[in-house]
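Scope of the values below: all heavy atoms of this structure, side chains included, with no hydrogens, waters or symmetry mates. Since the model is a prediction, treat every value here as computed from it, not as a measurement.
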Amino acid sequence: MAWMWWVGAALLLAVLEMVSLTLVFIMLSGGALAGAVVAVLGGPWWAQVLAAALVALLLLFALRPWLLRNWRRRKTLPETNVAALPGKTALVIVTVDTAGGRVKIDGQMWSARTEGGDPLPAGASVTVSRIQGATAIVGPLSVSGVA
């Protein structure tokens with residue numbers, strides 16, 4: 001009966017992976033399946049937990065880095081969240097200078113600042129060069145795409 005709990009946990013973790021796309025939950029799901037196998041073979045609860053933990057750690061620290069490296073090299077894994085923002089165009093909402101300001105990136109408001117140069121007025125289009133904490137570092141947008 002314990003194996004059903006392990007399979008249920010594996011399925012739940014696999015669903016969470018579909019939402020996060022980080023390859024963490026699917027590795028934990030693999031560990032849960034290892035716990036299910038030990039349960040089916042009649043192993044005690046501590047052996048089930050140990051097998052789940054060992055397989056999950058092995059997958060997390062051996063398989064996941066290799067997958068990420070190879071998928072990013074092939075460009076089949078799209079950048080998401082903050083990693084996808086550098087290079088995007090933003091609209092200045094509140095004048096941005098080295099002290100701060102506000103921009104809108106993909107419909108979301110971000111605090112922003114420049115790394116120098118003239119202040120960027122409200123209504124200007126800018127390019128996101130990087131994200132530092134919760135602040136977008138932006139620069140002027142030029143016709144050729146190079147500031």
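Counting heavy atoms from C-beta on, the side chains of I105 and L85 come closer than 4.5 Å. For the pair T89 and L141, the minimum side-chain heavy-atom distance is below 4.5 Å. The shortest distance between side-chain heavy atoms of I131 and W110 falls below 4.5 Å. Within the 4.5 Å cutoff, no side-chain heavy atoms of L59 are placed close to those of R64. With a 4.5 Å cut-off on side-chain heavy atoms, T22 and E17 count as touching. Counting only heavy atoms from C-beta outward, the side chains of V96 and V126 never approach each other to under 4.5 Å. Within the 4.5 Å cutoff, side-chain heavy atoms of L23 are placed close to those of I26. The side-chain heavy atoms of V49 and V38, taken from C-beta on, include no pair separated by under 4.5 Å.
Minimum heavy-atom separation, A51 to A34: O-CB, 4.0 Å. Scanning all heavy atoms of the two residues, the minimum distance from W6 to A39 falls at CD1-CB, 4.1 Å. Residues V55 and G30 come closest through the heavy atom pair CG1-O, 3.8 Å. The two residues A10 and S29 make their nearest non-hydrogen contact at O-OG, 2.8 Å. The two residues G139 and L120 come nearest to each other via the heavy atoms C-CD1, 4.2 Å. The minimum heavy-atom distance between P119 and T95, with the atom names listed, is CB-CG2, 4.0 Å.
A continuous path of hydrophobic side-chain contacts links L68 to L16 [ILVMFWY only; heavy atoms under 4.5 Å]. Follow the hydrophobic side-chain contacts under 4.5 Å out from V7 and you reach M1 in the same cluster. Taking hydrophobic clusters as Ile, Leu, Val, Met, Phe, Trp and Tyr residues chained together by side-chain heavy-atom distances below 4.5 Å, L57 shares a cluster with M27. One hydrophobic cluster, built from ILVMFWY side chains closer than 4.5 Å, cannot hold both V138 and L91; they sit in different ones. At a threshold of 4.5 Å between side-chain heavy atoms, the hydrophobic network of Ile, Leu, Val, Met, Phe, Trp and Tyr places F25 and F61 in one connected group.
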Begin from the C-alpha positions of T98 and E115 and carry the test side chain to side chain contact (heavy atoms under 4.5 Å, CB included) through to its verdict. CA-CA 6 Å; T98 56; E115 291 189 303; over 6 Å; no
Side chain to side chain contact (heavy atoms under 4.5 Å, CB included) between L60 and L28: does it pass, once the steps are laid out? CA-CA 8 Å; L60 275 171; L28 298 177; 4.0 Å; yes
Where do V128 and I137 land on the side chain to side chain contact (heavy atoms under 4.5 Å, CB included) test, with the steps shown first? CA-CA 6 Å; V128 178; I137 310 301; over 6 Å; no
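At least one donor-acceptor pair closer than 3.5 Å links the side chain of Q48 to the backbone N or O of G43. A donor-acceptor contact shorter than 3.5 Å is absent between the side chain of T135 and the backbone of S111.
If you take CG on L12 and CH2 on W5, they are separated by 11.5 Å, rounding to the nearest 0.5 Å. In this structure, CE on M109 lies 4.5 Å from CZ on R102, to the nearest 0.5 angstrom.
Remark: D97 does not engage R113 in a salt bridge, criterion side-chain N to carboxylate O under 4.0 Å.
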